[in-house]
2 protein chains.
Amino acid sequence: MPTADTILRAFDDAGYRVTEPRRRLADLIGRQSGHFTADDLIAESRRRHLGVGRATVFRSLDVLAELGVVERLDLPSGDHALVACEAAHHHHVVCSRCGRSTDIADSGLAAIIADVGRRSGYQIDSHRLELFGLCPSCQARPAG
Amino acid sequence: MPTADTILRAFDDAGYRVTEPRRRLADLIGRQSGHFTADDLIAESRRRHLGVGRATVFRSLDVLAELGVVERLDLPSGDHALVACEAAHHHHVVCSRCGRSTDIADSGLAAIIADVGRRSGYQIDSHRLELFGLCPSCQARPAG
DNA sequence: GTTTTTGCAAACCATTTGCAGGGTC
DNA sequence: GACCCTGCAAATGGTTTGCAAAAAC
């Protein structure tokens, strides 16, 4: 889970300018515990009078998603959300109650993909795996 | 890939009424070769003067998605689409060029999920796996 | 100084909803 | 005949865009 600093460095390293709105946004993202939406950030920016506008939030999230610092999630409910994460190909287990997410390794997935490719004849070049369930602390604290 | 008949039977079996608009929609869906959007169906309904309205398309797709006859897809591009498929839990390989999709079996995925659950401590209760790549015929017909 | 980035507000687009009329069982 | 379903048009909600001013390099 990147900190605000990591996010700013990502902007910088990729040749984007480090601006005040981006600093504030990075901070906002760093504070998110689970998954979040553009709207969450916009609302919080407004609530705390940070002056970061809608457009900036969306534009920055686009960049961050492209840089892999943030990843778009498609929840089982059909809703969309984002999670901050390390840049590198990986997958998530997402808590269906609190939204917290954990990165997971491929642990055997590559073999499955190769197998599917062989059987189906497809030349597979990208994939996505998303797991959903209760995280340890939500299991410990039944019902909500 | 269900035919129009299969789709109508799904409506019927689930206690929904088999109406003229639904007949036409089922036919439209049956004609789709790859993935498609609600808008594709609406446009085609209009083009062919079938008189199936927006609302009906969306409402019916909702039902069909719930029945599992149609499945929502999240493409790597971020776009959304639908595919007609057999009702049962499964996954897809989707052609990144023509959109055609093939169902695949779990072939070992269950073991991976169990493993991830063990390692992460999450109580995993749902998952989604989507694979993307070139289907055999698009491989045979390079560039497009 | 040049180029990127910003905020605002308006534009967009896909999807949803309210409702009165019509079709299905 | 009761209830479900439909089309329409208006409402919605999230995301994008045009633009002139401001900030970064």
Side-chain angles (χ1 to χ4, degrees), chain A residues 7-29 35-67 69-75 77-83, chain B residues 7-29 35-67 69-75 77-83:
Chain A
I7 295 172
L8 289 178
R9 204 171 310 132
F11 272 123
D12 203 12
D13 291 352
Y16 291 95
R17 295 185 178 169
V18 176
T19 65
E20 192 52 35
R22 283 179 180 162
R23 270 182 230 284
R24 296 184 179 179
L25 191 66
D27 184 58
L28 281 183
I29 296 175
H35 53 58
F36 57 91
T37 63
D39 217 60
D40 290 339
L41 301 179
I42 294 166
E44 197 167 341
S45 158
R46 176 143 39 217
R47 197 177 317 124
R48 296 172 45 195
H49 309 288
L50 302 182
V52 181
R54 240 185 310 284
T56 300
V57 171
F58 280 106
R59 286 188 280 232
S60 300
L61 288 176
D62 265 5
V63 171
L64 292 176
E66 202 149 319
L67 298 182
V69 183
V70 136
E71 195 157 309
R72 296 181 195 286
L73 234 50
D74 299 292
L75 306 179
S77 65
D79 289 337
H80 301 127
L82 300 146
V83 274
Chain B
I7 295 171
L8 288 178
R9 204 169 314 131
F11 272 123
D12 204 11
D13 290 353
Y16 291 95
R17 295 189 176 167
V18 176
T19 66
E20 192 54 33
R22 283 178 180 165
R23 269 182 230 284
R24 297 183 178 181
L25 190 67
D27 184 58
L28 281 182
I29 295 175
H35 52 59
F36 56 92
T37 62
D39 214 61
D40 291 339
L41 301 178
I42 293 167
E44 196 166 341
S45 160
R46 175 143 40 215
R47 196 179 316 126
R48 295 172 45 194
H49 309 287
L50 301 182
V52 182
R54 241 186 309 285
T56 300
V57 171
F58 281 105
R59 285 188 279 232
S60 299
L61 288 177
D62 265 6
V63 172
L64 292 176
E66 202 148 319
L67 299 181
V69 182
V70 136
E71 195 157 308
R72 297 181 195 284
L73 232 50
D74 299 292
L75 306 179
S77 65
D79 289 337
H80 300 129
L82 299 147
V83 274

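As a basis for the values below, the full set of heavy atoms in this structure was taken, side chains included, without hydrogen atoms, waters or symmetry mates. Lettering follows sequence order; numbering is per chain, from 1.
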Legend entry - Residue closer to the 5' end of DNA chain C, B:I42 versus B:D12 (nearest nucleotide): B:I42

Inset, instruction - Report yes if at least one side-chain N or O of A:R54 is closer than 4.0 Å to OP1 or OP2 of D:dT17; otherwise report no. - result: no

Legend entry - Separation of C:dC13 C1' from A:H80 NE2 (nearest whole Å): 14 Å

Legend entry - Integer-rounded Å distance: C:dA14 P and B:R72 CZ: 15 Å

Inset, instruction - Could you state the atom-to-atom distance from CZ of A:F58 to C1' of C:dT6 in whole Å? - result: 15 Å

Inset, instruction - Using heavy atoms to find the nearest nucleotide of DNA chain C for B:T19 and B:D39 separately, return the residue whose nucleotide is more 5′. - result: B:D39

Inset, instruction - Calculate the interatomic distance between A:L61 atom CG and C:dT6 atom P; express it in whole Å. - result: 12 Å

Legend entry - A:D62 bridged to A:R72 by N-O distance under 4.0 Å: yes

Inset, instruction - Would you indicate what B:R22 reaches in the nucleic acid, counting non-hydrogen atoms under 4.0 angstrom: base, sugar-phosphate, or nothing? - result: sugar-phosphate

Legend entry - Candidates C:dA9, C:dT5, C:dT6 - which lies nearest the side chain of A:Y16: C:dT5

Legend entry - Short side-chain donor-acceptor distance under 3.5 Å, A:H35 and A:H80: no

Legend entry - A:V70 side chain near A:F36 side chain, heavy-atom distance below 4.5 Å: yes

Legend entry - B:R17 side-chain proximity, nearest of C:dT5, D:dC4, D:dC8: D:dC4

Legend entry - Euclidean distance, B:S45 OG relative to B:D39 CG, rounded to 0.5 Å: 11.0 Å

Legend entry - For A:E44, the option from A:R46, A:R47, A:R48 that meets side-chain hydrogen bond (donor to acceptor under 3.5 Å, both in side chains): A:R48

Inset, instruction - Measure from the side chain of B:R59, starting at C-beta and using heavy atoms only, and say which of C:dT24, C:dT16, D:dC8 lies closest. - result: D:dC8

Inset, instruction - For B:L82 and C:dA14, give me the distance from atom CG to atom P, rounded to whole Å. - result: 13 Å

Inset, instruction - Write down the distance between CG (B:L50) and C1' (D:dT6), rounded to a whole number of angstrom. - result: 15 Å

Legend entry - Atom-pair distance (CD on B:E20; C1' on C:dC25), nearest Å: 16 Å

Inset, instruction - Figure out the CG/P separation between A:D79 and D:dG13, and round it to whole Å. - result: 13 Å

